[in-house]
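As the structure lists them, so they are numbered: ligands from 1, and atoms in each ligand from 1.
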Amino acid sequence: MPSRRKFLVQTFIGGLAAGLGCRYAYANTMLSGQIIHNTLAPSLPIVISTWSHGIAANEMAMKVLKNKGKSLDAVEQGVRVSEADPLVESVGYGGFPDASGEVTLDACIMAPDGNAGSVSCLKHIMHPVSVARRVMEKTPHVMLTGEGAYKFALDQGFEPTNLLTPKMEKAFQKWKNSGLRYAPNANWENHDTIGLLAIDEQGDIAGACTTSGMAFKHPGRVGDSPIIGAGLFVDNEVGAATATGEGEAVMKTLGSFLIVELMRQGYSPQQACEQAVHRIAIKLKPHPNFQIGYIAMNKAGETGAYAYAPGFQYAHYQGDKNELYNSGSMQNH
Ligand code: SD4
C-alpha cells in the first residue's frame, strides 16, 4: 500500500479506535466507583434474579440445584413462584392488564445447549414459562404467540385460569376512569418482571424471563421479555444476561445478547451490564421516567447488575446466602 494511503487508513483506524476508546473511557470513568455489588468469590451453584421477589424465586431454584438438579429445571421452577404469586404485579397471575383489561403474558427460557422457547401475548395460563419450555422441547419452533400459543398450551394440558385478580380489576377501572393514556413510567408502574439465571454444580447455565409486561400496554403489545437476545440470552460457553424495565429500549439494542457478547470479549458481567445501559443512554436518549435494569452471570459464576435509574434491586443466592442487593445506576452519579 502506498505510504500516504497507508497513513490515511491508519489515521482513520486510529481515530476510530481513539473515538471508541474515548467513549468507553468516558463510560468507565463516569461509572467507576459507583457499583454496589456482592463481593462473594463465586462457588457453584449460584442463582441471580431481578427484584425483591427474586428472593423467593431463588429459594426454589436453589432447592432444585442443591438436590443435584439441572440449571434448566432450576430456572423454570424458580420463576414459576413469581408467576403464581398475586403480589408480584408484573408477572403471571395478578399481573397488570393491558389497555383492554386483559392480562397477557410474555415468557421465555433458554437451555445450556443453546435451545430456546418462548411465548408472547398468552392469555389465561398461569405459567407461561412452562409453556415456553414445551415450545422449546415439543415443537421445531422458538416462539408461539397469542391464540396459537394458548391453543398449544391447552393441547399440552395446561388449565385455563382467570389471571385478573380483583385488585387488578380495580386498578384497571381506576386507570380507565382517569382518562389517562398509556405512557411508560418507571415511578408509578411496578417494574417487577422476573429474569432468573442459574449455574449448576456442573457449570451449566440456563435462564428464564417472564412478565405481564407494561401496565395498560396496547392490546397485542409484546415486550422484550420473550425475545431471545433482548429480554434473555444464554451462551453456555460464555454466560447469560436478562433484562427488566422498558422493553422497547432493550429490544432496540438487543441488550441481553449485547451483554453476553461483551463478556465473550472479556468484559466482566458488571462491566458488560454497565455498557449495555450506557448504549441505551447514548442511542435512545431516554425520557425522564425511563428505567431499565440488567443482571448477568459468566461461566465462572461471577455476576453483575446495573440500571439506568436508581431503585433496581436483584437477589443473589450462593452457599447459604440468598440476599437482596441494590444495583448501581447511571443516574445517581
Ligand atoms: C416489558 N420488560 O414488557 C418488560 C416489563 C418489565 O418489570 O420489565 N417490567 O417491557
(message) Once rounded to the nearest 0.5 Å, what's the spacing between atom CE of Met143 and atom CG of Asp106?
(response) 7.0 Å

Proximal ligand 1 atoms for [X], defined as those under 4.0 Å from one of its heavy atoms:
X: Met214; result: 3 (O), 5 (C), 10 (O)
X: Ser225; result: 2 (N), 4 (C)
X: Gly213; result: 3 (O)

Is [X] in polar range of ligand 1, meaning some N or O pair under 3.5 Å apart?
X: Ser90; answer: no
X: Gly223; answer: no
X: Thr244; answer: yes

(message) For atom 1 (C) of ligand 1, which of the options Thr242, Thr211, Asp224 provides the nearest non-hydrogen atom?
(response) Asp224

(request) Could you check which of Ile194, Thr193, Ile227 puts a non-hydrogen atom nearest to atom 7 (O) of ligand 1? (result) Thr193

(message) Quiz question: by atom type and distance under 3.5 Å, do the side chains of Thr211 and Thr193 form a donor-acceptor pair?
(response) yes

(request) Using only heavy-atom distances, determine whether the side chains of Lys217 and Thr104 contain a donor-acceptor pair under 3.5 Å. (result) yes

(message) A quick test of your reading: do over 12 heavy atoms of other residues, nucleotides or ligands sit less than 6.0 Å from NZ of Lys63?
(response) no

(message) Are more than 12 heavy atoms, taken from residues, nucleotides or ligands other than Asp320, located less than 6.0 Å from that residue's CG atom?
(response) no

Contact partition for [X] relative to ligand 1, non-hydrogen atoms under 4.0 Å:
X: Arg221; answer: side chain
X: Ala243; answer: neither
X: Asp192; answer: backbone

(request) Could you point out which residue of Arg133, Lys151, Arg134, Lys138 forms a side chain to side chain donor-acceptor pair (under 3.5 Å) with Gln156? (result) Arg134

(request) Identify, with sequence neighbours excluded, every residue that meets side chain to side chain donor-acceptor pair (under 3.5 Å) alongside Asn236. (result) Asp204, Lys299

(request) Name all residues meeting the side chain to side chain donor-acceptor pair (under 3.5 Å) criterion together with Gln77; count only those two or more places apart in sequence or in a different chain, and write none if there are none. (result) none

